[in-house]
There are 2 protein chains.
Amino acid sequence: MDTAERLIESAQQLLWERGYVGTSPKAIQELAGAGQGSMYHHFKGKPDLAATAMRRSAAELRAQADALLDEGDTALARVGTYLLRERDPLRGCRVGRMAMDPDVIASGTLREPVRDTFAWLRERLAGIVADGVASGELRPGIDPRDTAAALAAVVQGGYVLARAAGDREPFDQAVRGALGLLEAASTGHAAPAAPAGQDG
Amino acid sequence: MDTAERLIESAQQLLWERGYVGTSPKAIQELAGAGQGSMYHHFKGKPDLAATAMRRSAAELRAQADALLDEGDTALARVGTYLLRERDPLRGCRVGRMAMDPDVIASGTLREPVRDTFAWLRERLAGIVADGVASGELRPGIDPRDTAAALAAVVQGGYVLARAAGDREPFDQAVRGALGLLEAASTGHAAPAAPAGQDG
DNA sequence: GTCTATATGTAGATAGAC
DNA sequence: GTCTATCTACATATAGAC
């Protein structure tokens, strides 16, 4: 693995653990086993390297979520697969975490991958919920976009609760709670896997 | 207002805006209009002042939430009052934000007010949900603790979504989505305001 | 109680040798 | 491409005068 690659992966790790403000170029270099000169040769500076690392983390997260959200025959099953996926809640979300960083929010370039990731996730979840409503699996009164935002928020907020408690349990409770509510919003009629309208 | 007080309030504000790692003693002093000497006379150092500020923010938040969670005749109404309260989602939560800070999580003293605040909030919400179940307003299958964690998570996660988007709308969507699901879990029977068992 | 002086380390970056 | 030297500013704190 070349030096630029090691710098990016080190930056990804430190940004996840310590955020943008809490991550120094020096710390990235030490973790990557690279000198000052190397870093400033490959990247313009800390913001440039951080933006590169964040774009990569965002792409990885999205690919992972996209695959999970295809697994399952019903809307409830797909959402469940995503919410119950293996996680370490005490680490938090490597993308969502950046939204709390003042320097990231203040910079269009740094915020962009964070914004795009959650815009995509909410749309993706909304599509699944909409399919569930259209197929009769979920009650007609359920709003796909609102529900999708609530589900995405449960995950991000679950991280906050778990880290505050120093224990993963509140995260698991929040996920179970969300799925329980979603079940309450289901009609009890098993639905087809395909999007609405496809099976007559 | 005396100097110590100004230092605490300045610290509260900066911790909210920039987190613990992003807040320097110098910045606090300048905002408070106090010199180095004053700060180190009244407080042992940055962690001491920050802990004082965080305990105060936690107490304020808790008092505010406690009052709001009493307003309303049904569980749904009480939760609604809390979720729909006036907020600036782009600022985030002054307590929840600290849970993402590595130095806060690493220190027992700094994490304590954050942990206690959310432990209290989850219990408080769980009590309301339990009342709703006991009174027949909410379905018997709804788990009070899980649902409470989900509701608290929706708020905290809503902040993440709003800040990521640079727009409050995702927060509002998440809140509406959560209330929509909670309505789906309600039986449609209006319930008494008092805790279960009190009205025969 | 508040001020100024001082101290050590780090943040973030540039310059130029190799 | 990588290294070392160097730079300005800030982080965090202590010492001691007033």
Side-chain angles (χ1 to χ4, degrees), chain A residues 1-56 97-98 100-111, chain B residues 1-56 97-98 100-111:
Chain A
M1 191 169 44
D2 67 11
T3 302
E5 190 62 24
R6 289 203 315 278
L7 283 165
I8 294 171
E9 293 183 12
S10 299
Q12 283 184 280
Q13 181 182 330
L14 289 172
L15 288 172
W16 192 352
E17 290 169 5
R18 302 197 45 84
Y20 182 82
V21 189
T23 298
S24 69
K26 187 180 178 183
I28 298 172
Q29 292 152 202
E30 282 174 358
L31 185 60
Q36 301 254 51
S38 288
M39 185 189 126
Y40 285 99
H41 170 75
H42 291 287
F43 302 94
K44 292 191 194 67
K46 173 178 167 176
D48 183 34
L49 173 51
T52 303
M54 284 170 60
R55 281 192 287 266
R56 180 169 306 183
R97 156 185 239 313
M98 309 313 291
M100 284 302 127
D101 198 298
D103 290 7
V104 169
I105 294 305
S107 154
T109 307
L110 290 173
R111 185 163 64 80
Chain B
M1 192 168 48
D2 66 12
T3 302
E5 190 62 23
R6 289 203 316 278
L7 283 165
I8 294 171
E9 293 184 12
S10 299
Q12 284 183 280
Q13 181 182 330
L14 289 171
L15 288 172
W16 193 351
E17 290 169 4
R18 302 197 45 85
Y20 182 81
V21 271
T23 298
S24 69
K26 188 181 178 184
I28 298 172
Q29 292 152 202
E30 281 174 359
L31 185 60
Q36 301 252 55
S38 289
M39 183 189 129
Y40 285 100
H41 171 74
H42 292 288
F43 302 95
K44 291 191 195 68
K46 172 178 168 176
D48 183 33
L49 172 52
T52 304
M54 285 171 59
R55 280 191 288 267
R56 179 168 308 181
R97 158 183 237 314
M98 308 314 291
M100 284 302 128
D101 197 299
D103 291 7
V104 170
I105 294 306
S107 153
T109 306
L110 290 174
R111 185 163 63 81

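We use all heavy atoms of the structure for the numbers below, so side chains are in, but hydrogens, waters and symmetry mates are not. Convention: sequence-line order gives letters A, B, ...; per-chain numbering from 1.
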- Query: Should B:Thr109 and B:Arg55 be marked as a side chain to side chain contact (heavy atoms under 4.5 Å, CB included) after you check the CA-CA gap, both sets of side-chain angles, and the distance that decides it?
  - Reply: CA-CA 10 Å; B:Thr109 306; B:Arg55 280 191 288 267; 4.3 Å; yes
- Query: Can you name the side chain to side chain donor-acceptor pair (under 3.5 Å) partners of A:Gln36, sequence neighbours left out?
  - Reply: A:Gln29
- Note on the structure: So, with a heavy-atom separation below 4.0 Å from DNA chain C, the residues of residues 34-41 of chain B are B:Gly35, B:Gly37, B:Ser38, B:His41
- Query: For residues 20-27 of chain B, which residues have at least one heavy atom under 4.0 Å from DNA chain D?
  - Reply: B:Thr23, B:Ser24, B:Pro25, B:Lys26
- Item | Qualifying residues under side chain to side chain donor-acceptor pair (under 3.5 Å), relative to A:Glu5, sequence neighbours excluded | A:Arg56
- Partners passing side-chain contact (heavy atoms from CB on, under 4.5 Å) against A:Ile105 (at least two apart in sequence or in another chain): A:Arg111, B:Arg163
- Note on the structure: d(B:Leu7 CG, B:Leu49 CG) to nearest 0.5 Å is 6.0 Å
- Hey, what bend do you get for the helix from C:dG1-D:dC18 to C:dC18-D:dG1 if you fit axes on five pairs at each end, rounded to 10°? 0°
- Query: To the nearest 0.5 Å, what is the distance between CD1 (B:Ile8) and CG (B:Leu15)?
  - Reply: 11.5 Å
- Message: Run the side chain to side chain donor-acceptor pair (under 3.5 Å) test against A:Glu9 and tell me which residues pass, sequence neighbours left out.
- Response: none
- Message: At a heavy-atom distance below 4.0 Å, which nucleotide of DNA chain D is the first touched by chain B, and which is the last?
- Response: D:dA11 to D:dT14
- Query: Quick one: A:Glu30 CD to C:dG12 C1', roughly how many Å, whole number?
  - Reply: 14 Å
- Distance-minimising heavy-atom pair for A:Tyr20 and A:Ala50: CE1-CB, 3.4 Å
- Task: Name all pairs fulfilling the side-chain hydrogen bond (donor to acceptor under 3.5 Å, both in side chains) condition that reach into residues 42-54 of chain B, sequence neighbours left out, sorted by first residue then second.
- Result: none
- Query: How many angstroms lie between CD in A:Gln12 and OG1 in A:Thr23, if you round to the nearest 0.5 Å?
  - Reply: 12.0 Å
- Item | Atom of A:Ala32, atom of A:Arg6 and distance for their closest heavy-atom approach | O-NE, 2.8 Å
- Tell me, which of residues 44-55 of chain B have any heavy atom that sits under 4.0 Å from an atom in DNA chain C? none
- Item | Under the side chain to side chain donor-acceptor pair (under 3.5 Å) test, residues paired with B:Arg18 that sit two or more places apart | A:Asp103
- Message: Show, in sequence, the C-alpha distance, side-chain angles and deciding distance for B:Thr3 and B:His41, and conclude whether the side chain to side chain contact (heavy atoms under 4.5 Å, CB included) test is met.
- Response: CA-CA 10 Å; B:Thr3 302; B:His41 171 74; over 6 Å; no
- Task: Kindly give the heavy-atom pair with the smallest separation between A:Pro47 and A:Leu110, and that separation in Å.
- Result: O-CD2, 3.8 Å
- Note on the structure: Value for CZ (A:Arg97) from CD (A:Glu17), rounded to nearest 0.5 Å, stands at 9.0 Å
